[in-house]
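Heads up, the thing below is written out as C-alpha cells.
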Amino acid sequence: MKPKYTSLRGVRDILPDELRNWRIIEDKARELFRRYNYREIETPIIEPAEMFVRTVGEESDIVRKEMYIFKDRGDRLVALRPEGTAPVVRAFLENNLYIPGRVAKFYYIGDMFRYDRPQAGRQREFHQIGIEALGESSYILDVEVIMLLLEFLEELGLADTILLLNSVGCPNCRPEYSKALREFFIPNSSELCEDCNVRLENNPLRILDCKVEGCKEIVAKAPSIIDYLCDDCRTHFENVRSVLDSLGIRYVLDTRLVRGLDYYTKTTFEVTVSGLDLSIGGGGRYDGLIKDLGGPDLPGIGFAIGMERLFNVLKDKNLLLKEEEVPDYFVIYDSTLVTKAIILSRLLRYKGFIVEMSYTAKSLKSQLKEADRSKAKKAIIMREDLLVDNKVILKDMTTGEQEEVGLDKLEVSLIGQRI
RNA sequence: GUGAAUGUAGCUCAAUUGGUUAGAGCGCUGGACUGUGGAUCCAGAUGUUGGGGGUUCGAGUCCCCUCAUUCACCCCA
C-alpha cells in the first residue's frame with residue numbers, strides 16, 4: 001500500500017532506533033556543557049525574517065536563497081530559523097539576561113532550516129547543538145570555547161578531529177584586507193571563475209573559499225588576512241594561538257577559512273575529521289552582533305555542531321550503541337487472569353522493569369511467539385493453579401529454561417492488591 | 001538554482017536484442033507441532049513495475065513530461 005502523504009523534500013523522520021543514539025549524544029552534550037556552566041535555552045523556531053537578514057548578511061547565501069520565509073496571517077514576514085546565534089542573542093536582550101560584568105553562557109539543541117538542495121550531510125531541516133557566550137572579549141574565552149567543542153567530540157569517541165583556525169579581523173581591519181584582495185584579484189580577474197568575479201564585487205573574502213582549480217591556484221598566492229590584522233586583532237589571535245599551543249591543542253592555521261555568516265569577527269574555527277569533506281561544527285567570535293540587534297556593545301562567541309553530520313561520522317566509525325532496548329519481561333496469561341496480568345505488569349513497571357504483555361489471551365503457543373518476537377529477556381507465564389500459591393512460571397527466553405518462582409522473587413506481590 | 005544517476009513485493013535485489021501469467025531471498029501468515037517460542041521442512045498471501053502520456057501487434061524494458069530519492073556543483077552544519 002502506498003502512503004497518501006510522504007514527508008517533504010529535505011526533511012525526514014528520525015526513527016526510534018536512531019533517536020535512541022541521538023538522545024545519548026544530546027545527553028552527553030548537556031552533561032558537558034553543564035560542567036562548563038552553560039545553561040540551556042530554547043528559542044522559537046520562527047523569528048522575524050528581518051532579524052536574520054540583518055545579522056547573517058543580506059549578501060549571504062543563507063539570506064539570498066536558503067531562508068524559509070513567508071508571511072503569516074498577520075502579514076508579518078517570518079522565517080524558520082536558519083541558525084541559532086541571532087535568536088539566542090535576541091532572547092538574551094529581550095529578557096534582560098545581561099548582568100554587567102558577567103558572561104552569559106547558553107547552549108541550545110534544536111532544528112534549523114535552510115532551503116537547500118539535499119545531499120550527503122545536508123538537509124533542509126537539520127539539527128544543531130550550539131553554545132553562545134555573551135559579554136566577554138578575552139582570548140581565554142575563545143580558547144575555552146574551542147576546548148569545549150573538542151572535548152565534546154572526544155567524549156563521543158572521536159579522536160581524529162582536525163581543528164581549523166583563522167581570524168577574520170574586525171570592522172577596523174577587514175576593509176583594508178578586502179581592498180588588498182581586490183587589488184590582488186582584479187589584474188587576475190580573467191583567470192577567475194564567473195562566481196568569483198561576482199564575489200570580487202560583493203565579498204572578495206569568499207573567493208578564498210572557492211573550489212574551482214584555477215581559482216585555487218590564484219588564491220594560493222593571494223595576500224593573507226593575518227598580515228592585515230589591526231593591532232588588537234593580531235594580539236588577540238596570537239594570544240589564542242599561544243594558549244592553544246601551550247595546552248597542546250593542535251590546529252591547522254587556515255587563512256582561507258571564511259565562514260558564511262557576516263557577523264563573525266576575529267577568531268573563527270571549524271572542526272572536521274580526517275577523511276571527511278564536510279565540517280561537523282564551526283563557530284567564532286561575533287563582537288558586533290549584540291549591538292546590531294539593538295543591545296549594548298558587547299562581544300560574543302559561540303559554535304554550532306551539525307547533529308546529522310556528527311551522527312553520520314559516529315555511525316561510520318562504529319561509535320554508536322547497537323543493541324536495541326528490549327523488554328525485561330513478557331507477561332503471558334490465560335483468559336481468566338486478565339486483570340491479574342494487568343496488575344502484575346503494572347507492579348513490575350512500577351519497579352522499573354520494561355514490561356510487555358500480550359493484549360489477547362491467545363493460546364500459550366502464540367503468546368510465546370509474541371514474547372519471542374518482542375525479544376523480551378524473560379517470559380512470565382501466569383497459571384491459575386500456581387497463582388493460588390502466589391507463584392508463576394519464569395521462562396528464560398534465551399536458554400529456554402523455566403522454573404516456578406514465587407512472586408516475591410520478582411520483587412512484587414499480588415497479595416493485598418485489589419483483584 | 002545547475003548537472004548526473006536511480007525508482008520493480010514490507011526490505012534487499014532479479015527479469016535475454018521490447019515477447020505471453022513480473023521472480024528470488026529475507027520478512028509475514030498458516031501447517032508439520034492437539035497449552036511451550038526460536039531451528040528445520042512444507043504451503044500460502046502480497047505488486048496500478050513512482051505517476052501521466054506516447055511509440056508498438058506487444059512496454060518493467062524505448063521516447064516525452066512529472067514526482068521522488070541519491071550524488072555532485074553553488075554554499076554550508
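Just so we're on the same page: letters track the sequence lines, and every chain starts at 1.
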*Taking CD from A:Glu132 and C1' from B:A77, how many angstroms apart are they, rounded to a whole number?*
14 Å
*On a plain distance test, is the side chain of A:Arg9 in donor-acceptor contact with the base of B:A68 below 3.5 Å?*
no
*Using 4.0 Å as the upper bound for N to carboxylate O, is an ion pair formed by A:Asp116 and A:Arg114?*
no
*asked:* Holding to ring pair (Phe, Tyr, Trp, His ring centres under 6.0 Å), I want the full list of residues that pass it with A:Phe70, two or more places apart in sequence or in another chain.
replied: none
*Figure out the CG/C1' separation between A:Leu164 and B:A77, and round it to whole Å.*
14 Å
*Would you kindly give the CG-to-P distance between A:Leu278 and B:C74, to the nearest whole Å?*
12 Å
*Any pair counted as ring-ring contact (aromatic ring centres under 6.0 Å, His included), so long as it reaches residues 253-289 of chain A, sequence neighbours left out*: A:Tyr263-A:Tyr286
*Sugar-phosphate atoms are those with a prime plus P, OP1 and OP2; base atoms are the rest. Using that split, label each nucleotide of nucleotides 33-39 of chain B B, S or - for protein heavy atoms under 4.0 Å, 5' to 3'.*
B-BBBB-
*Residue pairs passing the ring-ring contact (aromatic ring centres under 6.0 Å, His included) test where at least one lies in residues 34-67 of chain A, sequence neighbours excluded*: none
I'd like a table of atom pairs between the protein and nucleotides 4-8 of chain B - only N or O on both sides, under 3.5 Å - with the distance next to each one.
none

*A:Ile280 near the nucleic acid: base, sugar-phosphate alone, or nothing, with a heavy-atom cut-off under 4.0 Å?*
sugar-phosphate
*Which whole number of Å gives the distance between the C1' atom of B:C62 and that of B:U55?*
8 Å
_Pair pattern of RNA chain B in dot-bracket, where unpaired bases get dots and | marks partners in another strand, Watson-Crick or G-U under 3.5 angstrom_ = (((((((..((((.....[...)))).(((((.......))))).....(((((..]....))))))))))))....
*asked:* Before you tell me yes or no, could you show the steps for A:Arg81 and A:Thr43 under side chain to side chain donor-acceptor pair (under 3.5 Å), namely the whole-Å CA-CA distance, both residues' side-chain angles and the distance that decides it to 0.1 Å?
replied: CA-CA 10 Å; A:Arg81 59 183 182 196; A:Thr43 62; 3.3 Å; yes
*Given atom CD of A:Glu66 and atom P of B:A77, what is their separation to the nearest angstrom?*
9 Å
*Pairwise C1' distance for B:G47 and B:C28, with rounding to whole Å*: 15 Å
*For A:Gly121, which contact category applies under a 4.0 Å heavy-atom criterion: base, sugar-phosphate, or nothing?*
base
_Taking only side-chain N and O atoms of A:Gln119, does any of them lie within less than 4.0 angstrom of OP1 or OP2 on B:A72?_
yes
*Could you say whether A:Ala120 or A:Gly281 is positioned toward the 5' end of RNA chain B, judged by the nucleotide with the nearest heavy atom to each?*
A:Ala120
*asked:* Using heavy-atom distances to pick each residue's nearest nucleotide on RNA chain B, tell me which of A:Gly10 and A:Gly306 is more 5'.
replied: A:Gly10
*Can you tell which of A:Arg12, A:Arg23, A:Lys315 makes a side-chain hydrogen bond (donor to acceptor under 3.5 Å, both in side chains) with A:Glu18?*
A:Arg12
*Under the salt bridge (Lys or Arg N to Asp or Glu O under 4.0 Å) rule, what pairs show up with a residue in residues 132-145 of chain A, not counting sequence neighbours?*
A:Lys105-A:Glu144, A:Asp142-A:Arg285
*In whole Å, what is the span from the OH atom of A:Tyr263 to the P atom of B:C76?*
12 Å
*Not counting sequence neighbours, which residues clear ring pair (Phe, Tyr, Trp, His ring centres under 6.0 Å) with A:Tyr228? List them please.*
A:Tyr177
*Between B:U70 and B:C57 - P atom distance, rounded Å*: 40 Å
*asked:* Whether the side chain of A:Arg64 and the base of B:C74 hold a donor-acceptor pair under 3.5 Å is what I'd like checked.
replied: no
*Using atom CD of A:Glu83 as one end and atom P of B:C76 as the other, report the distance to the nearest whole Å.*
13 Å
*For A:Glu308, which contact category applies under a 4.0 Å heavy-atom criterion: base, sugar-phosphate, or nothing?*
nothing
_Residues in side chain to side chain contact (heavy atoms under 4.5 Å, CB included) contact with A:Arg30, at least two apart in sequence or another chain_ = A:Glu26, A:Asp27, A:Glu40, A:Tyr107, A:Ile109
*For B:A5 and B:G18, measure between their C1' atoms and round to the nearest Å.*
23 Å
*asked:* Roughly how many Å apart are B:A22 and B:C74, using the P atom of each and rounding to a whole number?
replied: 47 Å
_If I take atom CD1 in residue A:Ile62 and atom P in nucleotide B:A77, what distance separates them, rounded to the nearest angstrom?_
6 Å
*Any residue meeting side chain to side chain contact (heavy atoms under 4.5 Å, CB included) with A:Arg9, in chain and number order, not counting sequence neighbours*: A:Arg117, A:Pro118, A:Arg124
_Distance, P atom - from B:C11 to B:U20, rounded to whole angstrom_ = 26 Å
*asked:* With a 4.0 Å cut-off on N to O distance, would you call A:Arg34 and A:Glu31 a salt bridge?
replied: yes
*B:G30 to B:C71 separation - C1' atoms, rounded to the nearest Å*: 44 Å
*To the nearest angstrom, how far is A:Leu276 atom CG from B:A77 atom C1'?*
11 Å
*For residues 306-337 of chain A, pull every pair meeting ring-ring contact (aromatic ring centres under 6.0 Å, His included), keeping only residues two or more places apart or in separate chains.*
A:Trp22-A:Phe311, A:Tyr329-A:Phe353
*Rounded to whole angstrom, note down the P distance from B:G37 over to B:U29.*
15 Å
_Can you list everything that forms a salt bridge (Lys or Arg N to Asp or Glu O under 4.0 Å) with A:Asp334? Sequence neighbours excluded, please._
none
